[in-house]
Amino acid sequence: MRALALSSLLASLISIGLAGLANTGDRSGAPMAAGVAQSVVVRGAVYDSIARRALAGATVQLSGAGDSVTGRTYSAVTDTAGRFAMSNVVPGRYVAGFFHPALDSLGLTLGTRSVVLAGANQVVSLAVPSARTVAGHLCPEGTFGDSLGLLVGFVRDTRSGTPLTGALVTAGWSETVIQRNSIRQREPEVATTADSSGWFGMCALPTDVPLMVRAAMGTDTTGYVEVTIETAGLRHATFLVGGAQPVTLALGDSTATMADRPLLTIRRGEARVSGVVTNAAGEPVPSARVMIWGASTQATTNARGAFLLDSLPGGTHTLDVRAIGYIPVRQVVHLSPDNPVLANVSLGERAVALPTVTVRGELIYMRQLAEFERRRRGPLGQFVTSQEILRRPSGMSALTLLQNVNGVTMRWAPFGAGLVPMMRGHRGAECSPVMFLDGRKAFLSPSDIGQMYQVSDIAAVEVYPRVGQIPGEFSEIQQRCGVVVFWTRPPALNIRERR
């Protein structure tokens with residue numbers, strides 16, 4: 001996807017950003033008639049049409065443009081309801097406009113509009129253009145609508161903050177394609193490059209679907225960040241790139257030669273993040289698991305809820321926090337080797353705990369497992385059932401469920417990456433399997449899955465060590481390694497007793 005031109009948007013928004021400007025004065029610019037008020041009270045509001053709420057903290061300015069008011073400037077800041085007021089304004093012709101960090105983050109620079117103030121009371125209403133208006137100027141026809149959205153943002157250097165011209169931004173997602181005689185999984189990906197200001201824009205992205213987005217400059221890259229665009233919406237994302245170094249680890253027996261040992265590449269650096277994990281009441285949450293996606297390292301909070309992660313890659317990454325009894329929280333962090341990050345996390349939502357139920361016979365957790373059971377009765381693949389998982393130690397990594405599964409070899413990875421699964425792929429070489437979560441491809445490494453999920457989080461597992469065994473719904477074009485499918489337990493389980 002080509003980079004969208006920001007400059008073409010700015011000129012076209014001059015007459016749009018101030019739409020709804022209302023006044024009762026004469027717009028002709030003629031001298032004020034006798035009896036015109038000596039001062040004007042200007043009131044109004046600023047609305048963010050993209051976020052669909054009042055815009056608090058916007059700086060509204062009136063700058064004199066007529067002979068009688070040249071050099072006069074009036075300003076006010078909007079309150080939490082987006083309202084502002086200016087008193088004792090000298091009547092005359094002005095240009096009106098407003099500024100706000102939200103506009104800077106979107107890469108929008110709104111123009112100004114002329115207004116004549118003559119009456120004793122004047123109403124001025126201002127607005128950020130809507131997502132549909134912005135997309136109408138940025139996106140080709142047919143690439144924005146109820147099911148298609150727009151993503152814009154900036155890519156900058158981690159240390160200096162300077163724009164990274166030519167940085168590559170990619171967005172990927174997982175979707176299931178159902179055809180007459182087949183079902184297969186697709187992982188579409190679109191890409192664009194940042195312009196000279198570091199700005200980028202992507203049209204035709206699916207809405208209400210988790211997108212995995214990252215930016216790269218040369219060999220340096222951010223981690224994946226999950227972004228969801230609302231229906232007919234626009235989202236903004238800022239990426240910092242710099243300070244992530246790829247480290248190649250040799251797995252398995254250290255007595256073997258490097259050529260005989262499978263390799264795992266992770267990203268490390270000199271950044272660090274610390275913080276405190278609390279609940280909705282502000283109380284510390286001990287024993288919570290904290291990790292950065294792709295860094296293959298994790299920490300556990302102490303009795304005060306505090307944690308520390310170091311040797312992390314610089315740039316924009318996803319911080320993942322999980323604790324038993326709480327809904328997991330993901331938070332975007334911008335890591336820098338020069339500035340340690342303080343990231344305090346609140347686990348506000350508690351998972352629903354159901355009373356203990358005595359179950360006889362088969363335990364059915366969710367409708368999705370009906371397909372799991374259908375495939376389990378077939379001739380292909382290896383399966384770990386809910387009943388088997390209930391007999392495993394619940395606090396262990398989810399990857400331990402793959403031990404003793406035919407076709408899977410668990411290799412030990414250093415630097416806290418733990419055990420990772422390997423399979424025999426193209427021409428017999430060991431490879432890292434493709435991971436699926438709840439039927440969709442996970443844009444995460446096996447070590448990330450192992451650190452994010454424990455045995456108690458998993459309802460069932462499917463393993464297809466050979467490419468030829470993989471069902472159509474989990475297959476990819478040019479598949480070179482096997483597949484592992486984890487089915488997770490929902491926070492609240494509807495358990496049906498069968499006798």
Side-chain angles (χ1 to χ4, degrees), residues 172-178 183-189 206-213 224-228 289 291 293 318 320-322 324 326-330 349 351-352 354 362-376 378 380-390 392 394 396-402 405 408 421 432-464 470-476 479 481-496:
W173 63 97
S174 180
E175 59 186 33
T176 301
V177 179
I178 302 177
I183 299 177
R184 64 186 180 90
Q185 196 76 16
R186 289 182 58 222
E187 286 73 43
E189 184 177 86
T207 58
D208 300 318
V209 171
L211 306 174
M212 302 303 289
V213 188
Y224 279 111
V225 173
E226 186 176 292
V227 176
T228 301
R289 291 174 289 155
M291 64 169 292
W293 287 3
T318 297
D320 191 286
V321 181
R322 295 166 181 265
I324 295 175
Y326 295 90
I327 303 296
V329 171
R330 295 170 183 171
E349 294 187 68
V352 178
L354 297 180
E362 184 180 4
L363 200 60
I364 298 180
Y365 288 108
M366 49 191 173
R367 293 180 180 177
Q368 291 171 313
L369 291 191
E371 287 299 305
F372 168 88
E373 291 296 331
R374 179 185 63 80
R375 289 187 289 269
R376 187 167 72 93
L380 305 176
Q382 307 289 321
F383 300 86
V384 184
T385 66
S386 299
Q387 289 72 32
E388 294 176 81
I389 292 173
L390 290 174
R392 305 286 185 94
S394 61
M396 301 290 287
S397 164
L399 294 181
T400 60
L401 296 172
L402 302 178
V405 172
V408 178
S432 180
V434 180
M435 312 298 287
F436 280 74
L437 280 171
D438 297 326
R440 293 185 175 273
K441 182 179 178 181
F443 290 81
L444 300 168
S445 69
S447 60
D448 282 343
I449 298 293
Q451 293 180 32
M452 292 170 60
Y453 296 94
Q454 295 181 340
V455 169
S456 57
D457 299 320
I458 305 301
V461 186
E462 302 179 48
V463 183
Y464 302 96
I470 301 173
E473 55 265 48
F474 305 129
S475 64
E476 299 178 302
Q479 185 103 27
C481 200
V483 164
V484 176
V485 184
F486 284 104
W487 297 95
T488 62
R489 298 172 186 258
L493 302 181
N494 295 318
I495 301 179
R496 185 174 70 192

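Everything numeric here is computed off the predicted structure, so don't read it as measured data. Only heavy atoms go into these numbers, but all of them, side chains included; no hydrogens, no water, no symmetry mates.
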[X] [atom1] to [Y] [atom2] distance, which is reported to the nearest 0.5 Å:
X      : Y      : atom1 : atom2 : answer
Phe474 : Phe436 : CZ    : CZ    : 6.5 Å
Leu444 : Ile449 : CG    : CD1   : 4.5 Å
Glu462 : Leu380 : CD    : CG    : 11.5 Å
Ser174 : Asp438 : OG    : CG    : 11.5 Å
Met452 : Ser445 : CE    : OG    : 9.5 Å
Ser394 : Gln454 : OG    : CD    : 7.0 Å

| query | Taking 4.0 angstrom as the limit, do Arg440 and Glu473 come out as a salt bridge? | reply |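 Here Arg440 does not pair with Glu473 in a salt bridge, since their nearest N and O are not under 4.0 Å apart.
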
| request: Taking only Lys NZ, Arg NE, NH1 and NH2, and the carboxylate oxygens of Asp or Glu, determine whether Asp457 and Arg392 approach each other closer than 4.0 Å. | output: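 No, no charged N to carboxylate O under 4.0 Å.
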
Test item: [X] and [Y] side chains (from C-beta on) under 4.5 Å apart, heavy atoms:
X      : Y      : result
Met435 : Lys441 : no
Trp487 : Glu371 : no
Pro328 : Val321 : no
Leu211 : Pro206 : yes

| query | Given the rule in the side chain to side chain contact (heavy atoms under 4.5 Å, CB included) test, do Phe383 and Val463 qualify, once you have shown the distances and angles that lead to the verdict? | reply | CA-CA 6 Å; Phe383 300 86; Val463 183; over 6 Å; no

| Looking at residues at least two apart in the chain, or sitting in another chain, which of them share a ring pair (Phe, Tyr, Trp, His ring centres under 6.0 Å) with Tyr453? |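 Counting only residues at least two positions away or on another chain, Tyr453 forms no ring pair (Phe, Tyr, Trp, His ring centres under 6.0 Å).
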
| query | Going by atom types only, do Glu189 and Trp173 share a side-chain donor-acceptor pair under 3.5 Å? | reply |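 Short answer, no.
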
| field | For Asp208, all residues meeting salt bridge (charged side-chain N to carboxylate O under 4.0 Å, His left out), sequence neighbours excluded | value |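 Asp208: no salt bridge (charged side-chain N to carboxylate O under 4.0 Å, His left out) contacts found.
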
| salt bridge (charged side-chain N to carboxylate O under 4.0 Å, His left out) partners for Arg322, two or more places apart |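 Partners of Arg322 under the salt bridge (charged side-chain N to carboxylate O under 4.0 Å, His left out) test: Asp320.
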
Give me the atom names and distance for the closest heavy-atom approach of [X] to [Y].
X      : Y      : answer
Arg289 : Gln451 : NH1-O, 3.2 Å
Leu401 : Val384 : O-CG2, 3.8 Å
Cys481 : Ile470 : O-CD1, 3.8 Å
Pro421 : Leu399 : CD-CD1, 4.0 Å
Ser432 : Pro446 : OG-CG, 3.2 Å
Val455 : Ser397 : CG2-O, 3.6 Å

| task | Report the C-alpha distance between Val484 and Val461 in whole Å, list the side-chain angles of each, state the deciding distance to 0.1 Å, and finish with yes or no for side chain to side chain contact (heavy atoms under 4.5 Å, CB included). | result | CA-CA 7 Å; Val484 176; Val461 186; 4.1 Å; yes

| Arg489 vs Ile458, side chain to side chain contact (heavy atoms under 4.5 Å, CB included): CA-CA, chis, key distance, verdict | CA-CA 5 Å; Arg489 298 172 186 258; Ile458 305 301; 5.7 Å; no

| query | For Met291 and Trp293, what are the C-alpha separation, side-chain angles and deciding distance, and is it a side chain to side chain contact (heavy atoms under 4.5 Å, CB included)? | reply | CA-CA 6 Å; Met291 64 169 292; Trp293 287 3; 4.2 Å; yes

| task | Look at the side chain of Glu388 and the backbone N and O of Thr385, then say whether any donor-acceptor pair between them is shorter than 3.5 Å. | result |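 Yes, Glu388 side chain to Thr385 backbone: donor-acceptor pair under 3.5 Å.
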
| request: May I ask you to decide if Thr318's main-chain N or O and Arg330's side chain share a donor-acceptor pair within less than 3.5 Å? | output: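 Between the backbone of Thr318 and the side chain of Arg330 there is no qualifying donor-acceptor contact (under 3.5 Å).
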
